[in-house]
Every structure is written in C-alpha cells, then in structure tokens.
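Reckoned from all heavy atoms, side chains included, excluding hydrogens, waters and symmetry mates. We count ligands from 1, going down the list as the structure has it; atoms in each ligand are counted the same way.
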Amino acid sequence: MTESQLGPASPTPAALKARQPLRLNGIRLDPAGLFGTWQRRNAEATLPHCVGKLADTGILANMRRVAAGGGTFHGLWFADSDIYKTLEAAAWQLASTPDDEALHRFLDETVELLAAAQEEDGYLNSYFQTDHPEKRFQELLWSHELYCAGHLIQAAVAADRSGAPAGTPLMVVARRLADLLVRRFGPDGTDGVCGHPEIETALVELYRSTGHRPYLHLAQRMVDLRGKGLLPKDQLGPAYYQDHAPVREAEEVTGHVVRQLYLLAGVVDVAVETGDLALLGAAERLWDSAFGSKTYLTGAQGSRHRDEAFGDPYELPPDRAYGETCAAIASFQWNWRMLLATGGHRYADEMERVLYNAIAGATALSGRHFFYSNPLQLRAGHDGSIEDSPSQRLSWYHCPCCPPNLARLFATLHGYLATTDGTGLQVHQYTNTTIHSGQYTVDVSTAYPWDERVTLTVSGGAEPWTLALRVPGWCTDHALTVDGTPVEQAPVDGYLRLTRSWAGGATVQLDLRMPARLVTAHPYVDAVRGCAALTRGPLVYCLEQADLPAGLPLEDVRLDSGAPLRIQTHGPDAPIPVSLVASGTRTRPGAPALYRYDPAGAGEAEPVTLTAIPYFLWGNRAAGPMRVWIPAP
Ligand code: FUB
Ligand code: ZN
C-alpha cells in the first residue's frame, strides 16, 4: 500500500471546497457491517464475475485483435468502457487487498494489452481501430470515443492512487490518449463535445493526479462548449445530450439520465478546481430540478425507458420506472462532489437514499446477478423477456455498463463515509468501520440500518476539535450521549456537533429513532396517488408476492393506513434482517370490467396481514410481483 491512497474525486489543495475526503487507507470497513458485507461480496463475487465476463463475452478479444494487427469487432461499439470500469474496480480493490494475485494478473495483462493496442499518436478505441479507422473522431454524437477515453482515464487514476504496480504503465497509456485529446480538442484544435459526457470528470481527475493543467482546461472547455449546438441534430433532440442549453443556463435536468449526471459530476469538478462559483450555482440549480421533482423514493432516476431518460417533473410511474443502475451510481458520484464542494447535508441524504435502495437493490445476494433498470413495481404477467426490464436480475447484459459500474463503486465504498475540514471530522454514513485521519480516530459500531443505535469510540488530538454527526433527513427524533451523559442538541444544517478535546477518548452514542412509517408522494405524482409506501430509517420497503398467502394476487392487496405498523426483527444474519408488518385488506374484485360506468361499491374485503421486506432485497426468492407503492384508500 502507498502513502497517498486518495479516493475518487479528491480535490486539489487549491480547490474550492467545504469538505475534504479522507485517504482510503485510513478507513476500513468491518465485514460485520452491511457496507462491509457489500464490499466483501463485491471483491469475492462481483469483481471476479466481471473479469470473467470480459473474457467470456469477447470484449477483451476486441482489444486483442487490435494488438495483433486487425480483425472485425464483435459486440457493442463502446464495450471498451467495460474493460476500463472493471480495471478501475480492480485497481481500487487492490488498495484494500494488495495481495490478490489474480487481480494483479488481470491488471498487468490488460494494461500490457492496452499498451500494445494503442496507436503511435495515442489513439485507442478497439471499435474504430478495427472497423472504422476513417471515422476517428468524426461522429462524436454517438461514437462514445471520449466516453471510453474517460473511463480509461478514471481507471488509470484509480491505479495510480491505489499504488498498484500497473498504475504507472496504465497512466502512460491514459496520458498518451489524453494528450491526443488536448491536441485535437484543446484551444489549438477543433471545438467538440462528446454525445455521452464522462470525459469531463475524468480529465479533472487526471489533472488532480498529474498536476497537468491542460487536462483541466480541456474539461472546462468541454463544459463551456456544451449547449452551443456543436453536436449534430437527430430525432432524439439536443436535450437528450444536454446540448440544448449551456450548463450555466439550463433550468432542468433533461434527457438521458446517465449522460446528464456524469456531466454534472464533471461540472462540479471543473467548478471547484477553477473556483467558478457561478458554475457551481448552476449545478445546485439543476440539483433542485433532479431531486425536487424527478427522483423516485428509492433514489432511482429516469422514468422513461424510451431514451433511458428523465421524464417531466413529477412523472414518476413505479411500474415503468427505468432507474438505470448506472444512473443511480452517477447520482451518488454527483452528490459526493456536491457534498465536498458545499458541505450541504442534503447531498449526503441523497447518497444514503440511493445507496441503500436503488444501488444496493441492483445486485443479487449472490453478487453475480444484476438489475439494469430498477422499477418500483413488477406486475403479475410482466413480460420480463426484454433485457431492460427483466423480471429477475441477469448475470450480464448485451449492454453490460451497470455491473462493472457497481464493482468500481463498491470497491471504494469506504471512501464516502466521512470527511474532514478545518474544524474536525464529519461522519455522513453509519456503518461498522474504523476511521483514522491525522489526529482523529473514530471507531464506529452499529447494526444500522437495522437498528437505530450508533456507537462511536472517539480519540485523538490534545487540541479541541469538532466531531460532526449527520442526522439524516428522514430522522425527526434522536438522542445523543457522550460517556453516558445526555447532550441536548438540535441538528444545525443537518449535523450534530461535539467540540472538545478527545485526547482521553470518549464514547458517543447516537440514536436515530427509526419508526416504521407510511410515506405518501407529492400530489402531482399522479401515478401513485392514493398509495403509500413503507419505510424505516433509510430503507424503502416493498411487498413481494412470496410473502402473501397462496392465491392472493399482490394487485388485490390494500393497505390499512390507519393501523399501526410492527417492526419484526429476524436477526442480523437472517436473509431479511428486519421486516415490517402492516394490516391490509384483500379485496375480492371477482372479474371486473376494465372500465365501469357505475360507481364501484365497497365490495367484499377480508383482513390480511402484510409483510414488507427491504426493497434492496427484492427478487432474491421466487420471481413474482413486487410493489413499493401500495393502494391505501
Ligand atoms: O451509452 C453508454 C451507456 O449505455 C449509457 O450510459 C447507458 O445508459 C447505456 O445506454
Ligand atoms: Zn448501466
């Protein structure tokens, strides 16, 4: 392990920032906690699975053909990006498990392959090199050349920061390509932006790792050139590519969700490294649009399968939710950057929401099956044969962008828990972990999110410093003690703050009251009017067919919103550690007509006990209907 080990999106010392990320080697997740379980599963199952798939599905073979001098490309033209995301995940993982020989081998061999495939001038893209060398950089609207380059650069930054030996040669490959981009698209080249943003955030990260300012300037240039109509017009319209308005003027998040959110991650990176407060303000405005009216309760985004896109404000149908996994990950990445830039608790709140629900739900318990889209309802009779809305998680996809994206996120999960600033340490997410940063040591012990108690053993530093603890937005009641003495404090800007000398050590206990709750949506969300959802703490719950009595279709269930909810604890090692029990009725619709002209009578109804499970665990038993929003008349 190296000394540095900065994590993803680590701003330079000169950057505008309210919070500073911790070094990855200062934090360790305890496998006893939920985050630790997820990270271990990622290392043991998801990442090796992705590595295997790159070979089995012919993705790596494309690069081999280039290195060997030619041939025909197979698969999706931007599949190089899956190699790069897997490389990035492997690089981050090696920071935690530096003795993993198989991962080193994968990294070493792949980097050697990339170096062999790269052209003299730095160009690298196996599709264009084999099938269409004449179209190089000619069709930026859909070529994904800069998108792929961005993922390569992020892999190199990860390998560099994690100290993997392959980091040096990978950085050489990435910089040769980045230098080509600077020559081609920089101030002395042609104006151009990519149809799929991603290169912007990658170039800023490369600048952060190398100190080479032309990378930052190119990212800035590409952000500024967006919305100037450089991309050709097609039937999807410029808003799909976020090319309809300059970022600084855009009022609403639009179009393809992953494109929009990767762009916004890059926008924040550029803003903080160039000290551009107006640009950061634009990102904050677009955040209001995204999280004010275009985000599902699970944190998923994208309500249109067609175009994989944001819908209109409040257009959030649960059954047709697209909610791509990559979009959820992009939201997490964007919110992390906003949190660092501003310190605003709402960004940490959204990171929590999307992580525990949309992101966590994308991976099966096995770690080897994944959702691409993450709906909030699966109907009886659903046609799951289409890849972008299957009934169960699949082991891979024709467009496998999501699984390696999950792998790179979970490999760095420990990097997103806490930050520092001039006053001390801020803990944003609660899980079993040990945090060492400079003078601070905080040992966190908790069964969160199953249990409301978080115990922090704090020490370090003779001088007083402030430990800030986030009180999540969903939490309206908390209790805090230090060494058993109650501390009466209301959160200020979302955080409780304890300032003292911790030299002698102290035990802080934070209880975040977690009653089971019914949530309703804004009245404009027509798709779920008259419905309620069950939540507890950060977790959204859902009903699954598997928990209903035989012969009772999920569609016939109504929730009794006046009856109390019960929390049922099965133990941390149970497949479903905590379920919620609600009262409902079973309606007996018989065989009603699709539409009726007379008012419906009360009909027959019979009480039924409903057991809800955490949304992120759905689809791990027999395939069948599921719903988050339950009719609650
Ligand atoms: O176009 C590259 C990736 O494929 C996008 O980010 C995903 O939405 C999928 O379409
Ligand atoms: Zn994806």
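For atom 3 (C) of ligand 1, the closest non-hydrogen atom of the protein is Tyr147 OH, 3.8 Å. In this structure, atom 7 (C) of ligand 1 lies nearest to the protein heavy atom Glu324 OE2, 3.3 Å.
Less than 4.0 angstrom separates some heavy atom of Cys399 from each of these atoms of ligand 1: 4 (O), 9 (C). Set against the non-hydrogen atoms of Phe78, the atoms of ligand 1 under 4.0 Å away are 1 (O), 2 (C), 4 (O).
Rounding to 10°, one obtains 110° for the angle at the Zn ion (ligand 2) between SG (Cys326) and SG (Cys402). When rounded to 10 degrees, the angle formed at the Zn ion (ligand 2) by OE2 (Glu324) and SG (Cys401) equals 100°.
With salt bridges taken as basic N to acidic carboxylate O contacts below 4.0 Å, none links Glu308 and Arg259. For the pair Lys85 and Glu88, the salt-bridge criterion is not met [side-chain N within less than 4.0 Å of a carboxylate O]. Between Arg627 and Asp319, none of the side-chain N atoms (NZ, or NE/NH1/NH2) sits under 4.0 Å from a carboxylate O, so this pair counts as no salt bridge.
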Assess whether salt bridge (Lys or Arg N to Asp or Glu O under 4.0 Å) is satisfied between Arg304 and Glu315, documenting all intermediate values. CA-CA 9 Å; Arg304 293 195 186 165; Glu315 178 191 334; 2.7 Å; yes

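Between Tyr372 and ligand 1 there is a heavy-atom distance shorter than 4.0 Å. The shell of residues lying under 4.0 angstrom from ligand 1, judged by heavy atoms, excludes Glu198. Under a 4.0 Å heavy-atom criterion, Cys401 is in contact with ligand 1.
Ranked by closest heavy atom to atom 6 (O) of ligand 1, the top entry among His144, Arg259, Glu308, His196 is His196.
Taking the centre of each ring, Phe128 and Phe78 stay at or above the 6.0 Å mark. Residues Phe137 and Phe185 place their aromatic rings such that the two centres sit under 6.0 Å apart.
Between the side chains of Tyr241 and Asp234, at least one donor-acceptor pair of N or O atoms lies under 3.5 Å.
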